[in-house]
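Structure, as structure tokens:
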There are 2 protein chains.
Amino acid sequence: MALTKWKERERQQRQNDIIDAARKLLADRDFDQVSMDEIAGQIGLGKSTLYLYFKNKESLYFAIVLRGIRIWAEMVKKEVKKGNTGLEKFKLYGKANRDFSNKYPDYFRLLYSPTSIRKQFDMDKMSSSEEFQEVRELFKEIMSIGIDFIQKGIEEGEIRPDVDPTEATILLSVIYNGKVNMGDWAKELLENRGIDDEKFSKDIGDLFIHMIVKDTD
Amino acid sequence: MALTKWKERERQQRQNDIIDAARKLLADRDFDQVSMDEIAGQIGLGKSTLYLYFKNKESLYFAIVLRGIRIWAEMVKKEVKKGNTGLEKFKLYGKANRDFSNKYPDYFRLLYSPTSIRKQFDMDKMSSSEEFQEVRELFKEIMSIGIDFIQKGIEEGEIRPDVDPTEATILLSVIYNGKVNMGDWAKELLENRGIDDEKFSKDIGDLFIHMIVKDTD
DNA sequence: GTTATATTACTGACTAGCTAGTCATAAATA
DNA sequence: TATTTATGACTAGCTAGTCAGTAATATAAC
């Protein structure tokens, strides 16, 4: 019985290897542009083998995304505990997002693809994937956290009451979405001014807070 | 001579038709997902015919993008004339961006693709395209306009001096980039709160101004 | 402890279908 | 008749997914 359990772990490890190989390849190319052959080749397997671990390509894709969003959700939940007021917690919420995007850029980029470049997917295969549903739920959960803290901040009088919590939270997400997909031309402009990615990230965070707090000085 | 001129117009008209058909198809699908066959079929032509008007697929793509960015640049330049101070002009700059995204959503979405999803393109073919170079120049020009007005606004004391003009302008562009590519899940959250796209656009604009002006009240 | 059997892990070759781009030929027009 | 415009059939190459059969490992029998 311990044996079958060990077998199970072995199997999960292999599944893990596949996910990892695919993630690396998908970090800078689109779903359509990475073939199952290439993913399999990356870890010295035949393509057919992938289908023993994943129903189809979409399923593999969302397995990666799911892994990423789980990490994201975890980081957010952990970070916001450090704050007390709504504003504090929302600042930490923003920081967690930034940290995640810096620490796991591959996942982060990937995470914004399925929701935005959804047209590349076969909707039927997508919906049938359990992973897809969980990703969707976690996304909504993460958004809810931000929304609640802005709401709290408004009630506590630190955030302007005319700020719509949903809009502001989505805007934060929109900014990160835009930033990861930012084109080379924009990057060039920043570099010419001596602004690296990290500084830009941080400054965006600061600007965002200016956007919602009651008093700027 | 008048005849050859008419011929030339005829040719341009046809080229125009192709661009238009392609634009419509590319509005909600990726470069890779729209075939030359489909574009040609859309206006009752054979695929081979497209190659009489465009060197290759990339060239056709950038012809569309070029058309779009020309309209965008024109709208921006026209709108900002209405203002006087730097802040006023930057507000109009933001408005022009918003108007363009509302009036020509297809172009707008497309415009952010080549810079972000550049990995789908064959770089050699891309660079060799004259259209690509002009698109690049116009993009930089549009960014410069925003940067200059924020700078002016700072000098005039209406915009906070700790705002970096380049960062802020790029951020505006990043926001629009993110917004056009915003996923269905985020859209859903907004809809559930009764916020339609137009309201969200406008509110983003207002929030953005809060981000940079000196005094909020 | 060795051999036979059952289970599991894996893969090469294949199907069916799609793609961009070419080119000799045909149609339309000057 | 000459020129421009258009195309159908083709090449060469790629893709996801399948499946019969092979290799490796685990269990059972002797």
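Just so it is clear: chains get the letters A, B, ... in the order the sequence lines come, proteins before strands, and each one is counted from 1.
The distance between atom CG of B:Asp32 and atom P of C:dA20, rounded to the nearest whole Å, is 9 Å. In this structure, B:Arg9 atom CZ and D:dT4 atom C1' are separated by 19 Å, rounded to whole Å. In this structure, A:Tyr61 places its OH atom 14 Å from P of D:dA16, rounding to the nearest Å. In this structure, B:Gln12 atom CD and D:dT5 atom P are separated by 13 Å, rounded to whole Å. Taking atom CG of A:Leu50 as the reference point, atom C1' of C:dG12 lies 14 Å away to the nearest angstrom. Between the C1' atom of C:dG21 and the CD atom of B:Glu38 lies a distance of 17 Å, rounded to the nearest Å. Taking atom CD1 of residue B:Ile43 and atom C1' of nucleotide D:dT7, one finds them 14 Å apart after rounding to whole Å. The interatomic distance linking B:Glu8 (CD) with D:dT5 (P) rounds to 9 Å, in whole Å.
Taking 4.0 angstrom as the limit, B:Arg11 places none of its side-chain polar atoms (N or O) nearer than this to OP1 or OP2 of D:dT4. Close to D:dA6, at under 4.0 Å from its OP1 or OP2, lies a side-chain N or O of B:Tyr53.
Applying the side chain to side chain contact (heavy atoms under 4.5 Å, CB included) criterion to B:Glu137, with sequence neighbours excluded, gives no partner residue. Remark: B:Tyr176 pairs with B:Phe108 by the ring pair (Phe, Tyr, Trp, His ring centres under 6.0 Å) rule, at least two apart or across chains.
The nucleotide whose nearest atom lies closest to any side-chain atom of A:Ser48 is, among D:dT5, D:dG17, C:dT11, C:dT11. Residue B:Thr49 has its side chain nearest to D:dA6 when only D:dG17, D:dA6, D:dT15 are considered. For B:Leu52, whose side chain is taken as the heavy atoms from C-beta onward, the closest listed nucleotide among C:dA20, D:dA6, C:dC10 is D:dA6.
A rotation axis mapping the C1' atoms of four pairs onto the next four is fitted at both ends of the helix from C:dG1-D:dC30 to C:dA30-D:dT1 over five pairs, and the angle between these axes is 10° to 10 degrees.
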Report the C-alpha separation of B:Arg70 and B:Glu134 in whole Å, then their side-chain angles, then the decisive distance to 0.1 Å, and conclude whether the side chain to side chain contact (heavy atoms under 4.5 Å, CB included) test is met. CA-CA 9 Å; B:Arg70 276 178 176 160; B:Glu134 191 176 338; 2.9 Å; yes
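Applying the 6.0 Å contact sphere to CD of A:Glu188 captures more than 12 heavy atoms from other residues, nucleotides or ligands.
In this pair, A:Trp185 and B:Phe132 present their aromatic rings tilted. The plane angle is within the 30 to 60° band.
With salt bridges taken as basic N to acidic carboxylate O contacts below 4.0 Å, none links B:Arg109 and B:Asp28.
Seen from the ring of B:Tyr107, B:Arg67 does not count as a face-on cation partner, given the 6.0 Å and 45° thresholds.
If B:Asp37 and A:Leu45 are placed on DNA chain C by their nearest nucleotide, the residue sitting closer to the 5' end is A:Leu45.
Looking at B:Lys47, its side chain has no donor and acceptor atom pair within 3.5 Å of the base of D:dG8.
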